[in-house]
> 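Before anything else, here's the structure in question.
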Number of protein chains: 2
Amino acid sequence: MSKCEQCIVRQFSSLKALNKAELLKMADCKTSYTIKKGEPIFEEGEVTNGIYCVKDGVCKLSKLSSNGKDQIVKLVKPGELLGQRSMISEEPANLSAVALEDMEVCFIPKKEIMQFFTQNNEFSMNVMKTICGDLKDADDHMVDMAQKSVKERLAGTLIYLEEMFGVDTDGTLRLQLSREELAGMIGTATESCIRLLSELNKSNLIELVGKRIKIVDKNKLRRLAD
Amino acid sequence: MSKCEQCIVRQFSSLKALNKAELLKMADCKTSYTIKKGEPIFEEGEVTNGIYCVKDGVCKLSKLSSNGKDQIVKLVKPGELLGQRSMISEEPANLSAVALEDMEVCFIPKKEIMQFFTQNNEFSMNVMKTICGDLKDADDHMVDMAQKSVKERLAGTLIYLEEMFGVDTDGTLRLQLSREELAGMIGTATESCIRLLSELNKSNLIELVGKRIKIVDKNKLRRLAD
DNA sequence: ATTAAAATATGATATATATCATCCTTTTGA
DNA sequence: TCAAAAGGATGATATATATCATATTTTAAT
């Protein structure tokens, strides 16, 4: 059993507020999992009874809409926690979490987390702030969905992907999303997404390297996104 | 200065967890305001330094999008708290709050609320649960915006308005929204909203009584909303 | 009461986006 | 190594929705 004390990603989440005793306790009750790309960590409607701390790899949080399409609500990267909302609300998960890359995650049972809540005020304030940040993002995201065109949303999403997950040595976006997943992020049909990518490619704002995407003119792209 | 102890709406918000001493303290530091229909309580970008408890009347939380349209993110009714998110995040307000009816609200300074947070665990859990509920709603709302048609969203919104705010004696929706505001809720152009209302009227799912709206066939409307 | 302004309504038209079909390319697995 | 499947690309077309114009009704102001 690895020690939570020495886990670096902890520093990036609400868990940084925990003291030594609490970290030892957590190390004692946690379970580590390896999740292969494409596999779910949990699914919409599932009761999770705890939270996951992402140690490595990125996953998508998505929801199946009534028209059968999978809308991606948020991407989660190492250091972030998963499943806080449903644990606090005492409800089944509202979103599915599926690995976009091979992942390592640790599961911490609800019981322990709830104890930290009552014992450690800084920890609960951290969690609150994270959820408040998620709420702001969700509100902003909602407004974009309602008011921006697909092209604007695509441009904004590409910039987000570069800034949040960086680029490879060849300058292409590090995080590999299929066209279908990218369409699921911006809320459009896969064909429309592909078409607009071609268009951005032709007008030299981006470059398509096979299925990889490279941002060429970030300023123009940013202006396009508003 | 009126007593918070005797305020009924308190029972419907996170504040129900406060004890007598805390309520007395709150009564002592709060400020009551009367807001006329159409007036703002606070605006996007403003630093509020506290929260508002809605005693009477309904308000909209909205955000101006880059295309100049006002997107309504949420409606807030008596008993609910306003401005919790930005207070906890220590950020300026992300949304504007504007009265849809004459309102009575009480302002409680941040200092006191933060004290309740550390003193009263039930209170902070209540606030957390409320924000988690808002986050779930926002995520679901976002998926609807991305995946549903305007007609589906209009149908869903009409049902929401009836269930949340009820109907007048003549059966029309109690909460009066202009067509522009209704369009702002569903995220569409005012003309499109008006046109779809006419269409629903002609197919006898709703009835238009002047500018008031009456739901006639709720089942069909619900099926339309998915 | 009368006029001006705002809100509602409807038509004509343009545009963005979805859908369906087909082809090409890459990946996977037997 | 080859066939099959999945993913990506593009054209043709249908549809939903926005936009612009204008008329009508309601509300507000003088």
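Numbered from 1 within each chain, the chains take letters A, B, ... in sequence-line order. Remember, it's a predicted structure, so these values are computed and weren't measured experimentally.
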> Report the nucleotide, chosen from D:dG7, C:dT8, D:dA18, that has the shortest atom-to-atom distance to any side-chain atom of B:Lys211.
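Looking only at heavy atoms from C-beta outward on B:Lys211, the closest nucleotide is C:dT8.
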> Return the value, rounded to whole Å, for the distance between atom CG of B:Leu196 and atom P of D:dT15.
16 Å
> Can you tell me how far P of D:dA16 sits from CG of B:Leu224, to the nearest Å?
12 Å
> Charged N to carboxylate O under 4.0 angstrom, A:Glu163 versus A:Lys218?
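The answer is yes: the pair qualifies as a salt bridge.
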> For C:dT10, does either OP1 or OP2 sit under 4.0 Å from a side-chain N or O belonging to B:Ser198?
yes
> Using a heavy-atom cut-off of 4.0 Å across all strands, would you classify A:Thr190 as base, sugar-phosphate, or nothing?
nothing
> What is the distance, to the nearest angstrom, from the CZ atom on B:Arg153 to the P atom on D:dA16?
13 Å
> Are B:Thr130 and B:Gln84 side-chain neighbours, meaning at least one heavy-atom pair lies under 4.5 Å?
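The answer is yes; the side chains approach within 4.5 Å.
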> So, B:Arg85 and B:Ser89: side-chain donor and acceptor under 3.5 Å apart, yes or no?
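The criterion, which ignores hydrogens and geometry beyond distance, is satisfied for B:Ser89 and B:Arg85.
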> Under 4.0 Å between a side-chain nitrogen and a carboxylate oxygen: does that hold for A:Lys110 and A:Glu90?
yes
> Would you confirm whether A:Ser32, through its side chain, and A:Cys106, through its main-chain N or O, come within 3.5 Å as a donor-acceptor pair?
no
> Can you measure A:Ile194 atom CD1 to D:dG7 atom C1' for me and round it to whole angstrom units?
8 Å
> Toward the 5' end of DNA chain C, which comes first, A:Cys193 or B:Lys202, by nearest nucleotide?
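Nearest-nucleotide comparison on DNA chain C picks B:Lys202.
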> Round to a whole Å and report the spacing from CD of A:Glu191 to P of D:dA14.
17 Å
> Between atom CZ in B:Arg179 and atom C1' in D:dT24, what is the gap in whole Å?
14 Å
> Between D:dT17, C:dA18, C:dT27, which nucleotide has the shortest distance from any of its atoms to the side chain of B:Thr188?
D:dT17
> Just the rounded figure in Å: distance from P of C:dA7 to CG of B:Leu208.
18 Å
> Please classify the nucleic acid contact of B:Ser192 as base, sugar-phosphate, or nothing, using heavy-atom distances under 4.0 Å.
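Base contact.
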> Tell me whether the side-chain N or O atoms of B:Arg195 pair up with the base of C:dG11 as donor and acceptor below 3.5 Å, since no angle test is needed here.
yes
> B:Ile186 has an atom CD1; how far is it from atom P of D:dT17, in whole Å?
9 Å
> Under 4.0 Å, heavy atoms only, any strand: does B:Lys148 hit a base, just the sugar-phosphate, or nothing?
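No contact.
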> Using only side-chain N and O atoms of B:Lys69, determine if any of them is under 4.0 Å from OP1 or OP2 of D:dT19.
yes
